[in-house]
Novice: 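Starting off with a structure, shown below.
So that the names make sense, note that chain A is the first sequence line, chain B the second, and so on, each numbered from 1. In this text, all values refer to a predicted model and were calculated from it rather than measured experimentally. Only heavy atoms go into these numbers, but all of them, side chains included; no hydrogens, no water, no symmetry mates.
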Protein chains: 2
Amino acid sequence: MQMDERKRKILRAIVQDYIATAEPIGSRTIARKFDLGVSPATIRNEMADLEDLGLIEQPHTSSGRVPSDAGYRYFVDCLMDPQTVSDEQKEIIERESSKRIHEIQEVISHTSRLLSELTNLTSIVLGPQKGKSTFGKMHFLPYQPGQVILVIVKENGTVENHIVDIGENLTTDELQQVAAVFNQKMRGYSLSQVKRSLLHEIYDELSRQRLLIDNTLDMLREILDDNEQEERIYLGGTLNMLNQPEFKDLGKVKTLFKVFEENESLKKLLQPYQEGLNVTIGGENTLKEFKGCSVISATYKVNGLTIGAVGVLGPTRMDYGKAIAIVDFMTRSLTEILTKRR
Amino acid sequence: MQMDERKRKILRAIVQDYIATAEPIGSRTIARKFDLGVSPATIRNEMADLEDLGLIEQPHTSSGRVPSDAGYRYFVDCLMDPQTVSDEQKEIIERESSKRIHEIQEVISHTSRLLSELTNLTSIVLGPQKGKSTFGKMHFLPYQPGQVILVIVKENGTVENHIVDIGENLTTDELQQVAAVFNQKMRGYSLSQVKRSLLHEIYDELSRQRLLIDNTLDMLREILDDNEQEERIYLGGTLNMLNQPEFKDLGKVKTLFKVFEENESLKKLLQPYQEGLNVTIGGENTLKEFKGCSVISATYKVNGLTIGAVGVLGPTRMDYGKAIAIVDFMTRSLTEILTKRR
DNA sequence: TGTTAGCACTCTCTCTTAATGAGTGCTAAC
DNA sequence: GTTAGCACTCATTAAGAGAGAGTGCTAACA
C-alpha cells in the first residue's frame with residue numbers, strides 16, 4: 001500500500017486538527033472541516049489504510065484517530081508547509097536583542113525566555129561549553145589579607161571571578177609575576193589541555209617560588225575542575241507545560257518537573273553534538289520521561305564554531321511548523337549577536 | 001468561655017493529628033489515638049466549645065474538625081513543645097557547610113537547598129541586599145579593544161564583573177587614574193548614596209578628562225541601577241509542594257508556581273525587615289495566593305547587621321515545631337559562616 | 001472499481017441513584 | 001459533669017442507564 005495524494009491530505013488534516021484541538025478526530029469531522037470532496041465513508045476507508053501504515057492510531061475502538069509518532073514524523077518531513085517567523089514576532093525579537101546586554105549569560109537567558117514566550121513551549125538552552133573554551137588571560141586583584149580575586153577571561157569572552165586563598169602574604173609584584181607566566185604559557189589552550197600538561201611546565205618555570213606556585217596551582221586546579229563539570233542549562237517557560245492538556249494529570253507533572261530539576265538528563269534531549277536543526281518526536285527520545293514529548297533543537301555558533309544548543313520542548317502534539325521556524329530564527333539571531341560581540 | 005487544660009490537650013491532639021494525616025479528625029478518633037481518659041461524647045462537647053472559640057472548624061457538617069488559622073496560631077504560641085534539630089540533621093548541616101565554598105551566592109543557594117531537603121518544604125532565601133551594601137573598591141582590567149572589564153568589590157565581600165564599552169582607546173594609566181579617584185571618593189558609601197551625590201563630586205574632580213569620565217559614569221550608573229532592582233531570591237524544593245495533598249488540584253499548582261516564577265511577590269512573604277524569627281500562618285499572609293500557606297522566616301546577619309532573610313513555605317498544615325527548629329538553626333549557622341568569611 | 005449510504009456495534013462520558021460510613025448534635029440517664 | 005444512645009447530615013463510592021461520537025461492514029450506485 002502506498003501513500004497517495006488523498007491519503008496525504010487526510011493525514012495532514014488529522015495532524016493539524018489534532019494539534020489544534022487535542023481531541024481525537026473522526027471521519028465525519030474531517031469531511032465537515034476540511035473540504036476534500038469525498039464522503040465520511042471514503043475517509044473512513046482511507047483512515048483504515050493510514051492506520052495499517054502505522055501513521056495514525058485509535059486510543060480505543062470507536063473513537064477518532066490521533067497521529068502516531070510515525071505520523072508526526074511523516075508530517076514534519078513531507079507534509080508540513082514551511083513556515084516563517086511572522087513580522088510581529090521578528091519585531092519582538094529584534095527589539096529584545098537590541099537591548100544593551102553585557103554578559104553572555106544574560107544573552108542566553110534572554111534567548112531562553114524569548115523562546116518560551118514566542119512558542120508557548122518550554123525552552124532549553126545549553127550555554128557555551130566551558131570545557132571546550134580556551135583560556136585567554138588571568139588577573140589577580142587584591143581582596144582581603146590572605147585572599148585575592150582571580151579573574152579569568154576566556155577566549156570565548158566569558159569572564160569569571162573567584163576568591164582564592166593565598167595562605168601567606170604576597171606582594172602585588174609577586175602576584176603579577178605569577179600571572180604573567182601563566183598568561184604567557186596558557187593563552188589559547190583549552191582548559192582541559194591546561195589541566196593535563198601545561199601546569200607542570202609552568203611549575204618548572206617558576207620553581208624559584210615554590211610555595212607561591214603551589215597555592216596558585218591549587219586554586220587554578222579547583223577552578224578548572226569546577227568548569228569542566230558545569231555546563232549550564234537554561235530553562236524557560238516550564239509552566240507552559242501545565243497548560244497542555246497532556247499534563248492535566250498531576251503524576252505526569254511531578255515526573256516531568258523532577259527531570260527539569262536535575263539538569264543532567266536535559267542535555268541529552270538537545271543532542272548538542274548534532275549540527276544544525278533537529279526534530280525529535282515522541283518515542284525517538286532516549287529519555288523515557290519524554291516519550292510523549294517532542295524536541296526541536298538547533299546549535300549556535302561563534303566564529304563558525306558550534307558552542308551550544310537551543311531547543312523547545314513540548315508535547316508531541318505541538319505546532320511543529322511554528323516551533324521550527326522560531327528555533328531556526330533564534331539560533332541565527334543568537335549566532336549573529338554572539339559573533340558581533342567579539 | 002475559657003481554655004482549660006483539657007481543651008488545650010484536645011486542641012493539641014487535633015493539630016498534631018491533622019498535621020500528620022491531613023484528614024479531618026473526629027471525636028472517636030481522638031479518644032482512640034490519644035489517651036485523654038474521657039469518652040468521645042465528652043470530647044464532642046469540648047470540640048463544640050473549641051469551634052465556638054474559633055480555633056477549629058468543620059469542612060462541612062458531619063465531618064471531623066480541622067484547625068483554623070487561629071487554632072494553628074494558638075498551637076504555635078502556647079501548645080507546641082519546643083523542638084531542637086536532631087543530631088542527625090545537625091551532622092548533615094555541618095558536613096555541608098564544611099565544604100569549601102568560594103562565593104557568597106554559593107553559600108546562599110546551598111542553604112536554600114539544604115533547608116528544603118531537611119524540611120520537605122519549599123525554601124525561600126533572600127540574598128544579601130545589594131542596595132544596602134556599600135561600595136568597596138573597583139578595578140579596570142583589559143578586555144577587548146574599546147571594552148574593559150569593570151570589577152566591583154563591595155564591602156560585604158561580593159565581587160561582580162561587568163563588560164563596559166569605553167568607546168575610545170584609553171591607556172592603562174588613564175584607567176588606573178580614574179579608578180583611583182573613584183576608589184578614593186566612594187569607599188564605604190552605599191550604592192544608592194553613590195548614585196545620588198557623589199558622582200557629581202567625582203565628575204568635578206576629574207573634569208580634565210571629560211570624555212573618559214562621561215563613559216565611566218555611564219557604565220557605573222548602569223551597573224548601580226541594575227543592582228538596586230536586583231535582590232536575588234533563591235527558591236528550593238518547589239516540587240515538595242506537589243507532594244502535599246493540599247495541592248492535588250492542578251489549578252492551585254498553576255497559580256502557586258506562577259507566583260514562584262515572579263520573584264517580586266515572594267519577598268513580601270519573608271518580611272525581611274522584621275528582625276528575628278517569624279511565623280506567618282495562613283490568612284495572616286498578605287498575598288492571597290498564599291492564604292492556605294504558612295511561612296517560617298528569620299533574618300541572618302553579617303557583623304551584627306541584618307542583610308537578608310531565609311524562610312520555608314508550606315501548607316498551613318505543616319510541622320511547625322520541626323520547621324521552626326531548622327530555620328532557627330540554619331540562620332544561626334548562616335550568620336556564623338558569613339561572619340567567619342570576612 | 002471506486003464511492004457512498006445505511007446500520008449495528010463499541011466504547012467513553014456523564015448523570016442519576018442507592019448504599020456506605022464517618023461524624024455530629026441532642027437528649028436522657030448515670 | 002460525663003456518658004450512652006440515636007436520629008440526622010453529608011461526602012464518597014459503586015452500579016446502572018442513556019447519550020453521543022465514531023467505527024467497520026455490507027450492499028447499492030455511478
Novice: Take the protein atom CD1 of B/Ile43 and the nucleotide atom P of D/dT3, then report the distance between them rounded to whole Å.
Specialist: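 My rounded result for the distance is 9 Å.
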Novice: Can you tell if the side chain of B/Arg332 reaches within under 4.5 Å of the side chain of B/Asp328, non-hydrogen atoms only?
Specialist: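 Result yes, sub-4.5 Å side-chain heavy-atom pair found.
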Novice: Checking side chain to side chain donor-acceptor pair (under 3.5 Å) for the pair B/Ser294/B/Tyr320: CA distance, chi angles, key distance, verdict?
Specialist: CA-CA 9 Å; B/Ser294 289; B/Tyr320 289 92; 2.7 Å; yes
Novice: Measure from CD on B/Glu46 to P on C/dG23 and round the result to the nearest Å.
Specialist: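 After rounding, the gap between these two atoms is 19 Å.
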Novice: With salt bridge (Lys or Arg N to Asp or Glu O under 4.0 Å) as the test, would you mind laying out the steps for A/Lys252 and A/Glu246 before giving the verdict?
Specialist: CA-CA 9 Å; A/Lys252 282 184 190 165; A/Glu246 279 80 353; over 6 Å; no
Novice: Cut-off 3.5 Å, side chains only: do B/Tyr234 and B/Arg113 have a donor facing an acceptor?
Specialist: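 The criterion, which ignores hydrogens and geometry beyond distance, is not satisfied for B/Arg113 and B/Tyr234.
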Novice: Within the supplied structure, the quantity of interest is the number of heavy atoms (other residues, nucleotides, ligands) at a distance under 6.0 Å from B/Arg8 CZ; does it exceed 12?
Specialist: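 For B/Arg8, atom CZ is crowded (more than 12 foreign heavy atoms under 6.0 Å).
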Novice: Can you tell me how far C1' of C/dG2 sits from CD1 of A/Ile10, to the nearest Å?
Specialist: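 Atom-to-atom, A/Ile10 to C/dG2, this comes out as 14 Å.
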Novice: Could you state the CG-P distance from B/Leu36 to D/dG1, rounded to the nearest angstrom?
Specialist: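 Result: 19 Å.
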Novice: Using whole Å, report how far NE2 of A/His60 lies from C1' of C/dC11.
Specialist: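 One finds 6 Å between C1' of C/dC11 and NE2 of A/His60, rounded.
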Novice: Measure the spacing between CG of A/Asp17 and CD of A/Glu23 and express it to the nearest 0.5 Å.
Specialist: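 Here the rounded value is 9.5 Å.
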Novice: Above 12 or not: heavy atoms from other molecules or residues under 6.0 Å from NZ of B/Lys322?
Specialist: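 Atom NZ in B/Lys322 is crowded, with more than 12 foreign heavy atoms closer than 6.0 Å.
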Novice: Nearest whole Å is fine: how far is C/dG23 C1' from B/Glu23 CD?
Specialist: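 For the pair B/Glu23 CD and C/dG23 C1', the rounded distance is 13 Å.
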Novice: Quickly work out the B/Lys248 NZ to D/dT12 C1' distance and round it to whole Å.
Specialist: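 Rounded to whole Å, this separation is 13 Å.
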Novice: At less than 4.0 Å, is any side-chain N or O atom of B/Ser39 found next to OP1 or OP2 of D/dT2? Yes or no.
Specialist: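 No.
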Novice: At 10 degrees resolution, what angle do the end axes of the helix from C/dT1-D/dA30 to C/dC30-D/dG1 form when each is taken over five base pairs?
Specialist: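 The value is 10°.
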Novice: Can the ring centres of A/Phe260 and A/Phe257 be said to be less than 6.0 Å apart?
Specialist: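 Distance test on ring centres: under 6.0 Å, yes.
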Novice: Quickly work out the A/Lys33 NZ to D/dA21 P distance and round it to whole Å.
Specialist: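 For the pair A/Lys33 NZ and D/dA21 P, the rounded distance is 13 Å.
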Novice: Just verifying a value: how many Å separate A/Met80 CE and A/Gln16 CD, rounded to the nearest 0.5 Å?
Specialist: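 If I round to the nearest 0.5 Å, the distance is 10.5 Å.
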Novice: Polar pairs (N or O, both sides) under 3.5 Å between protein and nucleotides 24-26 of chain C?
Specialist:
residue, atom, partner, partner atom, Å
C/dT24, OP1, B/Ser27, N, 3.4
C/dT24, OP1, B/Arg65, NH1, 3.4
C/dT24, OP2, B/Ser27, N, 3.2
C/dT24, OP2, B/Ser27, OG, 2.8
C/dG25, OP1, B/Arg65, NH2, 3.1
C/dG25, N7, B/Arg44, NE, 3.2
C/dG25, O6, B/Arg44, NH2, 3.4

